[in-house]
Structures are given as C-alpha cells and as structure tokens.
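Have a look at the structure below before the remarks.
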Amino acid sequence: MITRLHLTVDGPAAGPVLLLGSSLGTAAAMWEPQVPALAQRFRVIRYDHLGHGRSAVPPGPYTLDLLGRELLRTLDDLDVPWVHYAGLSLGGMVGMWLATYAPDRVRRLALLCTSASLGPPEQWRERAATVRADGLPTIAGAVVARWFTPAFAAARPEVVATHRALLTATSPTGYAACCEAIAAMDLRPDLGRVTAPTLVIAGADDLATPVAHAREIVGRIPQARLAVVDAAAHLANVEQPEQVCRLLLEHFHEGRGDR
Ligand SMILES: O=C(O)CC1=CCC(=O)O1
C-alpha cells in the first residue's frame with residue numbers, strides 16, 4: 001500500500017525518526033520554527049493528517065482510530081520500526097492513539113496543547129456542519145483568535161496571517177471529518193497502556209485545550225511530566241518557538257539510550 005499521507009522529511013537519513021503531527025486546520029508548515037534545530041539530530045518526518053495539507057481527502061466522518069491506523073500503515077510502508085513522536089492538538093491526539101494501541105512503535109512521546117477528550121461533542125458536530133455548508137473562512141476568525149495570545153497577535157500579524165492561510169487552505173471536507181473524529185474521541189480510559197516516557201506541554205493561556213486537560217493526561221500516563229509554557233496560547237510552538245524547541249530537544253535527547 002502506498003501511504004495516503006503527505007510527508008515532509010528533513011535531517012540525516014540515518015538519524016532516529018522523530019514524527020511530527022500538526023493541529024486541526026494546519027499542516028507541516030506549522031512546525032517550521034522547530035525543524036532546523038530538530039533536524040540536526042533527528043530524521044524529522046512531518047505528516048499531514050488525512051484530509052489536511054497535501055494528504056488524501058477521503059469522505060468523512062473520520063475517527064481517531066482511522067487517523068491512527070493510517071499513520072501506522074505509513075510507518076509500515078516506510079519500514080520504520082519505532083519513532084519518537086511529537087504532536088500538537090489533533091497531532092497530540094493521534095500521538096496518544098499510537099502510543100496507546102501500538103506502544104512498541106513509540107519510544108518517546110511529546111504531547112503539546114492537546115486533550116484526551118475534548119467535548120462537548122455537539123459543538124464539534126456543529127462546527128463540522130458549518131464548515132461543510134459555508135467553508136472555512138466562516139470560522140477562521142474565531143479559531144485563529146484561540147491560536148495566539150492577543151499580545152502576540154498584535155505584535156506579529158504576519159505570523160497570524162500565515163497560519164490563518166493554512167487554515168483556509170485546508171479542505172472543508174477533511175477539516176469537518178476531523179472535527180467529527182474529535183467529537184467521538186475519548187482516549188482517557190486506555191492511556192494507562194502508554195509505555196513511552198511522555199512530556200506534556202501546555203500553553204498557560206490556551207483556551208482551546210486548557211492546562212487542566214494536560215494535567216489529566218499527565219495523571220493517566222504512567223511516565224508523564226508536565227511543562228507549562230508562559231505567554232502561549234494554542235499554537236505554543238509558534239508563539240514560544242525557542243522554549244518549546246528546547247523542551248523537545250531535552251526530552252528526546254534524554255531518550256538516546258532507551259531500549
Ligand atoms: O480548532 C480548535 O478550536 C482547537 C483544536 C482542537 C483540536 C485541534 O487540533 O485544534
């Protein structure tokens with residue numbers, strides 16, 4: 001099977017693989033602030049979720065199980081036995097799925113600005129219906145307002161515009177189908193199966209996936225610890241690029257002797 005996921009690959013061919021998963025309504029470009037530093041040590045593979053970026057857009061609804069299995073098939077296609085994994089928001093949800101149901105494939109895990117259960121489901125189904133009917137520009141203002149703090153948005157309007165453009169370039173079909181995956185998701189009961197040492201990063205000002213959601217994940221994954229990044233909303237890796245990069249490098253570098 002040829003993978004349906006679009007991949008962007010950087011770094012040394014022989015380096016340990018670090019897989020990066022992006023948030024709902026973005027794509028590989030979301031990780032630009034971290035890639036140059038990460039790619040010095042790791043084979044960095046950024047994938048676009050199904051229905052996002054340059055990946056295939058099958059008709060929805062999707063489930064976390066579908067998104068996770070698609071990624072697992074991609075690793076099989078690439079003959080990659082295990083990865084380090086970092087994912088933000090939807091990327092973190094898929095990372096939790098992978099580390100829960102294929103624990104041998106994930107050596108170290110970083111979960112950024114994410115949640116194991118992000119209700120209420122009706123709101124996600126309504127968002128999906130709105131996007132299918134009226135397109136992404138209808139919701140872009142409200143969504144992007146949660147991606148950055150007001151201070152950052154005022155200081156860096158060009159960064160906000162770049163990320164808004166990622167959102168509005170996303171397929172409405174793919175976006176809506178992923179909203180339905182989030183609506184139906186509850187990863188909490190099985191998080192105890194995760195064996196990978198896990199770093200959970202939360203943005204102190206994240207209204208989309210508040211710090212309490214990060215604490216819940218830390219409470220359920222056996223070897224997890226929390227880092228809260230100040231002056232950061234939902235796209236914490238964009239708003240505080242150096243701090244997040246340092247946290248990721250430390251976490252994945254600590255794993256150089258694992259297994
Ligand atoms: O789009 C949002 O409101 C926040 C979000 C939830 C999952 C994700 O990837 O982003």
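Each ligand, and each atom within it, is numbered from 1 in the order the structure gives.
No cation-pi contact links Arg46 to Trp31, judged by a cut-off of 6.0 Å to the six-membered ring centre and 45° from its axis.
Across all non-hydrogen atoms, the minimal contact from Ala233 to Cys113 is O-SG, 4.1 Å. The two residues Arg132 and Thr173 have their closest heavy-atom pair at NH2-O, 4.4 Å. Between Thr168 and Leu136, the shortest heavy-atom distance links the atoms CA-CB, 4.3 Å.
In terms of the side-chain contact (heavy atoms from CB on, under 4.5 Å) criterion, residue partners of Gln223 (sequence neighbours excluded) are, by chain and number, Pro197.
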Need the list: ligand 1 N/O atoms against protein N/O atoms, distance under 3.5 Å, rounded to one decimal.
unit_1	atom_1	unit_2	atom_2	d
ligand 1	1 (O)	Arg127	NH1	3.0
ligand 1	3 (O)	Arg127	NH1	3.3
ligand 1	3 (O)	Arg127	NH2	2.8
ligand 1	3 (O)	Arg146	NH2	3.2
ligand 1	9 (O)	Leu24	N	2.7
ligand 1	9 (O)	Ser89	OG	2.7
ligand 1	9 (O)	Leu90	N	2.9
ligand 1	10 (O)	Ser89	OG	2.9
ligand 1	10 (O)	His234	NE2	3.3

(request) For the pair Arg125 and Glu122, evaluate salt bridge (Lys or Arg N to Asp or Glu O under 4.0 Å) and give the outcome as yes or no after the intermediate values. (result) CA-CA 5 Å; Arg125 294 196 181 103; Glu122 317 78 63; 5.6 Å; no
